Amino acid sequence: MTVRVRFAPSPTGNLHIGGARTALYNYIFAKSQGGKYILRIEDTDKERSTKEFEASQLDDMKWLGLVHDEGPGIGGEYGPYHQIERLDIYMKYALDLVEQGKAFYDFCSDEDLEQMSLKSKEEGTPPYTGKWKESSTWDEAKARVAAGEKAPIRFLVSDKDVSFKDHVRGDVKFPKGMVGDFVIMRTNGVPTYNFCNVIDDHLHKITHVIRGEDHVNNTLRQVLVYEAIGADMPEFAHVSLLIGEDRQKLSKRHGATSVKQYREQGYLPEALVNYLCLLGWSHPDEKDIFKIENLKDVFSLSRFSKSHAIYDIEKLKWMNGQHIKAMDVDELLTRTSPFMTNDFYNQQTDDWKKTFLELYKEKITLFPDFNEKMDELLNESVEMTEDLKDILSWETTPAIRDHIKAELEKVSSDYVDTDAFSEWMNFCKKELKIKGKPLFMGLRGVLTGQNHGPDLKVLIPLTPVNILKKRVASL
RNA sequence: GCUCCCAUCGUCUAGCCUGGCCUAGGACACCGCCUUUUCACGGCGGCAACAGGGGUUCGAAUCCCCUUGGGAGUACCA
């Protein structure tokens with residue numbers, strides 16, 4: 001049997017990193033099993049769902065490289081893949097359950113329901129105790145519906161223990177009587193999550209349901225629905241949740257929680273996905289930097305962690321840096337271009353850009369950091385720091401400065417070429433008899449006003465001569 | 001409240017199922033040293049954990065129970 005998994009987001013917001021992680025696990029599992037990864041849009045919450053959010057989530061998933069095999073924009077033999085377009089299917093199943101006496105119309109008022117839930121909490125009575133669950137009322141109920149009255153359909157929960165197997169948690173058991181007769185079809189004819197989710201997973205021939213631990217309790221209800229419609233159950237894997245540093249559910253106050261924010265900040269999708277993957281799952285060889293496409297042969301549902309993971313972006317930043325360092329220049333050139341805001345940079349030749357990117361890629365963690373490095377490179381004025389004063393006070397420095405100043409005046413092109421700069425250094429060594437730290441630090445201080453930075457032999461030929469002149473002049 | 005789930009360094013985790021190889025391994029962060037003109041990278045080293053208490057056993061991070069702590073659910077949201 002072919003493995004078929006799905007990610008089923010609600011388009012009620014931007015793609016959350018928690019959702020992205022769930023999508024990722026489904027995606028990798030499908031790939032590792034030679035199966036299919038299906039995307040289904042659960043848009044039954046008409047008030048909160050929007051096409052904009054849907055498009056945004058789709059776009060973010062594409063950015064992450066989590067492209068589905070079936071679903072919106074692609075199609076497939078089990079469509080449609082929007083729940084809002086499948087309403088008649090759910091209604092048919094619901095009506096069927098009503099006919100079989102496994103579900104019933106409920107005419108209780110809101111006040112009745114409120115009292116029931118109050119009583120349930122205080123006295124431990126079942127959550128739903130309305131009379132409409134009694135089969136003796138069903139003829140009347142059906143007659144009222146036939147006469148045009150509207151009513152939600154509730155699932156008649158059987159009074160028995162329920163259990164299911166979970167790849168992460170083992171056997172999960174629920175004692176009987178814990179769940180009330182829940183609504184499966186709202187008054188407006190739209191199904192609720194626990195119902196349509198099951199119908200779709202069944203119809204979409206989903207073999208493995210990988211989702212967040214927050215759905216464990218829902219699975220109880222869903223198991224009942226599977227049984228009622230006579231469907232085979234998929235295998236489950238409820239993955240632990242992501243929480244914030246304060247051990248609370250991840251929310252806005254924990255900083256960036258949507259994929260879009262990371263994308264805008266310049267994080268690499270492969271780094272984000274690498275990090276997210278390792279939050280609750282471990283590589284059998286304890287590898288920490290990898291591309292998810294290389295996980296096909298090693299991914300397994302048995303390596304999920306049962307406990308919650310605290311989301312901490314320090315390691316993500318490190319990973320992002322690692323992925324940048326591993327990138328070759330040509331890729332670096334094309335992929336950084338959307339982030340480079342510096343006009344000067346954008347006017348340079350590709351060779352110049354490549355040299356610049358190579359020079360600084362070891363030092364940054366995020367692409368936009370290159371812009372700050374550009375600012376440093378183009379900084380005309382010299383800030384008189386204590387360190388710089390120190391360098392300038394060395395007895396060797398004035399000679400270096402005078403020589404550099406004179407040489408700079410002779411340069412007619414926009415840049416000093418590498419050979420020329422080497423000659424300057426050689427002159428300082430041979431004629432001025434300066435070498436080692438006084439030479440390099442002296443040069444750096446005079447030419448950049450800094451006491452540290454990247455390799456001078458690359459940096460100086462990259463810096464416009466007029467800027468070098470201004471710096472030297474301001475000393 | 002009730003139900004379900006979880007518990008190894010500050011953080012992500014390996015080990016747990018199939019007790020001894022664990023004086024508990026790796027990674028991030030932090031500290032030190034080496035390399036380097038400097039910074040970064042890299043290399044080497046250090047700091048740092050089996051929540052607590054009972055069992056079972058010759059032996060427990062690993063199995064069982066309790067306590068404590070944390071999370072999730074408890075909607076005509078998903």
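Predicted, not measured: the structure shown is a model, and the values here were computed from it. Convention: sequence-line order gives letters A, B, ...; per-chain numbering from 1.
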Base-pairing assignment for B:U3 (Watson-Crick or G-U wobble, both under 3.5 Å)
B:A72

Kindly point out which of B:A78, B:U38, B:C12 is positioned nearest to the side chain of A:Leu279?
B:C12

Ignoring the backbone of A:Ser305, work out which of B:C28, B:U13, B:A78 is nearest its side chain.
B:U13

Any strand counts, and the cut-off is 3.5 Å on both contacts for Watson-Crick or G-U wobble. Which nucleotide pairs with B:C44?
B:G32

Return the nearest nucleotide to the side chain of A:Ala309; candidates are B:A78, B:U3, B:C12.
B:C12

Taking atom types as modelled, is there a side-chain donor on A:His215 or A:Asn218 under 3.5 Å from an acceptor on the other?
yes

Gap between atoms CG and C1', on A:Leu118 and B:U74 respectively (whole Å):
14 Å

Test the A:Arg144-A:Phe107 pair against the cation-pi criterion, namely NZ or CZ under 6.0 angstrom from the six-membered ring centroid and within 45° of the ring axis.
yes

Set out, line by line, the N/O atom pairs under 3.5 Å between protein and nucleotides 22-25 of chain B.
unit_1, atom_1, unit_2, atom_2, d
B:G25, N2, A:Glu286, OE1, 2.6

Report yes if at least one side-chain N or O of A:Arg154 is closer than 4.0 Å to OP1 or OP2 of B:C76; otherwise report no.
yes

Pairwise N/O distances under 3.5 Å, protein to nucleotides 40-47 of chain B:
unit_1, atom_1, unit_2, atom_2, d
B:A40, O2', A:Glu362, O, 2.7
B:C41, O2', A:Glu362, OE1, 2.9

Enumerate the protein-to-nucleotides 70-73 of chain B contacts in which both atoms are nitrogen or oxygen and the separation is below 3.5 Å.
unit_1, atom_1, unit_2, atom_2, d
B:G71, OP1, A:Arg247, O, 3.3
B:G71, OP1, A:Gln248, NE2, 2.4
B:G71, O2', A:His308, ND1, 3.4
B:G71, O2', A:His308, NE2, 3.1

By the 4.0 Å heavy-atom rule, please label A:Asp455 as base, sugar-phosphate, or nothing.
base

What nucleotide among B:A78, B:C4, B:C12 has an atom nearest to a side-chain atom of A:Val172?
B:C4

When A:Glu358 is tested against each of A:Asp328, A:Val458, A:Val329 for side-chain contact (heavy atoms from CB on, under 4.5 Å), which residue passes?
A:Val329

